[in-house]
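Some notes on the structure that comes next.
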2 protein chains.
Amino acid sequence: MANIKEIARIAGVSVTTVSRVLNNHPYVSKDKRAAVLDTIEQLNYTRNMNAVHLITGRTGTVAVILPYINAFYFSIIMNGLAHEALLAQYRLILCQSNYLADEEIKVLEMLRNKEIDGVIIVSTALKPETIEEYTAYGPVVTCQDSGQRRYSSVYIEHYAAFRQGLQYLKGKGYRTIGYCEGRQNGSSASIRQTAFREFIAEHKLVFQEEWMIYDCTTEEDGAAVARLLLEMPERPEAMIITGDHVAAGLMIEARKAGLSIPGDLAVMGFDNQPIGRLLEITTIDNHLYEMGASAFRIIHEQISSDNPAPVYRKLDYRIIERSTV
Amino acid sequence: MANIKEIARIAGVSVTTVSRVLNNHPYVSKDKRAAVLDTIEQLNYTRNMNAVHLITGRTGTVAVILPYINAFYFSIIMNGLAHEALLAQYRLILCQSNYLADEEIKVLEMLRNKEIDGVIIVSTALKPETIEEYTAYGPVVTCQDSGQRRYSSVYIEHYAAFRQGLQYLKGKGYRTIGYCEGRQNGSSASIRQTAFREFIAEHKLVFQEEWMIYDCTTEEDGAAVARLLLEMPERPEAMIITGDHVAAGLMIEARKAGLSIPGDLAVMGFDNQPIGRLLEITTIDNHLYEMGASAFRIIHEQISSDNPAPVYRKLDYRIIERSTV
DNA sequence: GTAATTTATGAAATGGATTCCATAGCAAGC
DNA sequence: GCTTGCTATGGAATCCATTTCATAAATTAC
């Protein structure tokens, strides 16, 4: 196929000039530029991007590692990432890891091989030391607190955020509280679980083990939880639920069974997802969109700078008071 | 960083020999191979894949264009694709198009730029002629009937499959039939719609416009349809529903309202998805997994061969009789 | 009117691998 | 003893674009 050399020959200029035209460099005379563009058109030429990647050492691509592409929590973060990537004219490649270390390593190896310019790890099964090793080959940003490691992170203090949610419920007078969690293997899930148990213990609240329910990720799961609650001999006055979609399913099903919310059951959501707004769910906004956007901005900056120090960006959270608590 | 030349120098061999070691070429003596592997280890060397891609003209990557990554229909196809890609040691990159032509063109341009070895188009907004233009740059496989175009395709005869479903319902004695469709912009949706209307007309079946419901893609949508049906002054005896997830939602909700299935309402699903098996839904298996697997096998073969003729692979379909009709 | 910039152009080096071709030693075949 | 075939090795060409450097012409500065 046609290459830059052939374009140069036919247009009667040097390859340098062709390259300048391709890259919009100013120092090209009007007629030569026109001649080059003409030949490009005639020969239906495009650059071989592999050659560009080789010589520039850049690929304009960042990989995103996340466990499940279809989880609501992650998809909000993805929206933030995607928006910023578009602005920066970068390409993202999505890698669903299912929390398999091997899959994640494969992506990090791509960084080492120069196939990508950086890696954004939304949630991971890898040990921090493993990630740290790869920072030698390019910037890595995680969306979990990395604890001053050699790579950047954008994170929420899940412990504090979750406690604040509980505190809010307690402040409203609720004394028995149940808890719905998403997938157990996420690291933030175990942090929240600790926060929950400690809070219950500190405040000497009544608690039953069956009020703690795992693996809730969809509206359907929420509906199932509602049915579960209805069958319990004793059920909590309030539920704190990680994920507004689950909260939505729970509420809809509970109302169907005649429960009034928050009268019979208070519901506190999490993540401030669009559906929560629709259903007036009181929730904790932990700025997931901003988290994604911020992660991309950081990695973009680090790709551009040549000796970047890691950045640790803590995002805040806030309770959005609506009508379910 | 270390490159092949440096490895060669330190190991005391030629770059050719190092390359042979890297590519498991047999003609390397035991000790030289060991020396090379040693130096590679010591210098923590890996190949710069951009150089490999440039010289070989291959990237070992295939792009997949699909409108929505989280639609069940597409995710089954993806599973088939992913499995075969893994076997062939190929990488897939997913491109969610939202049926935007620009996004799809971007991916096809990557083929032209040699960033990928082939493109698999699961569903598209592009005109066949546009796709055809890009076949000059590498193999393209679509999962829709391409009608003997210059690119390959693996497809189901949606028209015939859908008619067979209707025929089956009619054979079972149902005379009033409703219809749930997914997104309207899919090309297969309009084919099925035609099939439906023609069948109704041919057999002079009673039909009401409100029995035709669009934009049903999730269980929730199915549940909403159930509620809609319950409120109708007259409702059909049977529903044909593209997608078992929607059928599932509809059934669960209908049963909740006291309807017996198939006694009060027969339900015919589509796509033979796992949830359908669970709920004993009678459905049409149109081999979506095989469709994905087949698409990858075709493109893989075409990448390897140097003058490949397009392949047109028609998949069959069959009714899986369970207990909802 | 001379010095300093700015504009315009191309030759050649560069990035990092693969592969064709040439060469040579050595074993097998007849 | 001479040809053939296999194993082992390296030199050099190749893939294709970017970028540094050198040079020259055209402006601008003072």
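In the text below, chain A, chain B and the rest are named by the order of the sequence lines, each starting its count at 1.
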### Query
Quick one: is B/Thr16 getting a side-chain N or O under 4.0 Å of the D/dG10 phosphate, OP1 or OP2?
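Result: no.
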## Note on the structure
With sequence neighbours left out, the residues meeting ring pair (Phe, Tyr, Trp, His ring centres under 6.0 Å) with B/His287 are none
#### Entry: Set of residues satisfying side chain to side chain donor-acceptor pair (under 3.5 Å) with respect to A/His83, sequence neighbours excluded
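For A/His83 the side chain to side chain donor-acceptor pair (under 3.5 Å) partners, ignoring immediate neighbours, are A/Tyr289.
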### Any residue meeting side chain to side chain donor-acceptor pair (under 3.5 Å) with A/Asn24, in chain and number order, not counting sequence neighbours
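Side chain to side chain donor-acceptor pair (under 3.5 Å) list for A/Asn24, sorted by chain: empty.
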Do [X] and [Y] meet the criterion of a side-chain donor-acceptor pair at a distance under 3.5 Å?
X: A/Gln144; Y: A/Ser188; answer: no
X: B/Asn44; Y: A/Tyr137; answer: yes
X: A/Gln302; Y: A/Ser152; answer: yes
X: A/Glu104; Y: A/Tyr99; answer: no

Nucleotide nearest [X] (side chain, heavy atoms from C-beta), chosen from [options]:
X: B/Ile4; options: C/dA17, D/dT19, D/dT18; answer: C/dA17
X: A/Val15; options: C/dG16, C/dA12, C/dA17; answer: C/dA12
X: B/Asn48; options: C/dA12, D/dC16, C/dA17; answer: C/dA17
X: A/Val52; options: D/dG11, C/dG16, D/dT18; answer: D/dT18

Nearest whole angstrom, please: distance from the [atom2] of [N] to the [atom1] of [X].
X: A/His53; N: D/dT19; atom1: NE2; atom2: C1'; answer: 17 Å
X: B/Lys5; N: D/dG10; atom1: NZ; atom2: C1'; answer: 14 Å
X: B/Glu115; N: D/dC15; atom1: CD; atom2: C1'; answer: 16 Å
X: B/Asn3; N: C/dA17; atom1: CG; atom2: P; answer: 6 Å
X: A/Arg58; N: C/dG15; atom1: CZ; atom2: C1'; answer: 14 Å
X: A/Ile7; N: C/dT9; atom1: CD1; atom2: P; answer: 17 Å
X: A/Leu54; N: D/dT14; atom1: CG; atom2: C1'; answer: 13 Å
X: B/Asn113; N: D/dC15; atom1: CG; atom2: P; answer: 18 Å

### Query
Which of residues 17-42 of chain B sit near DNA chain C, with a heavy atom under 4.0 Å from it?
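Residues of residues 17-42 of chain B that come under 4.0 Å of DNA chain C are, in numerical order, B/Ser19, B/Asn23.
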### Task
Answer yes or no: are there more than 12 heavy-atom neighbours, outside B/Glu301 itself, under 6.0 Å from its atom CD?
no
### Query
Mapping B/Met49 and A/Gly12 to their closest nucleotides on DNA chain C, which lands nearer the 5' end?
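Residue closer to the 5' terminus by nearest nucleotide: A/Gly12.
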Can you name the atoms? Protein N/O to nucleotides 23-26 of chain D N/O, anything below 3.5 Å, with the distance.
none

### Message
By the side-chain hydrogen bond (donor to acceptor under 3.5 Å, both in side chains) test, which pairs, at least two apart or in different chains, include something from residues 52-61 of chain A?
### Response
A/Thr59-A/Asp117
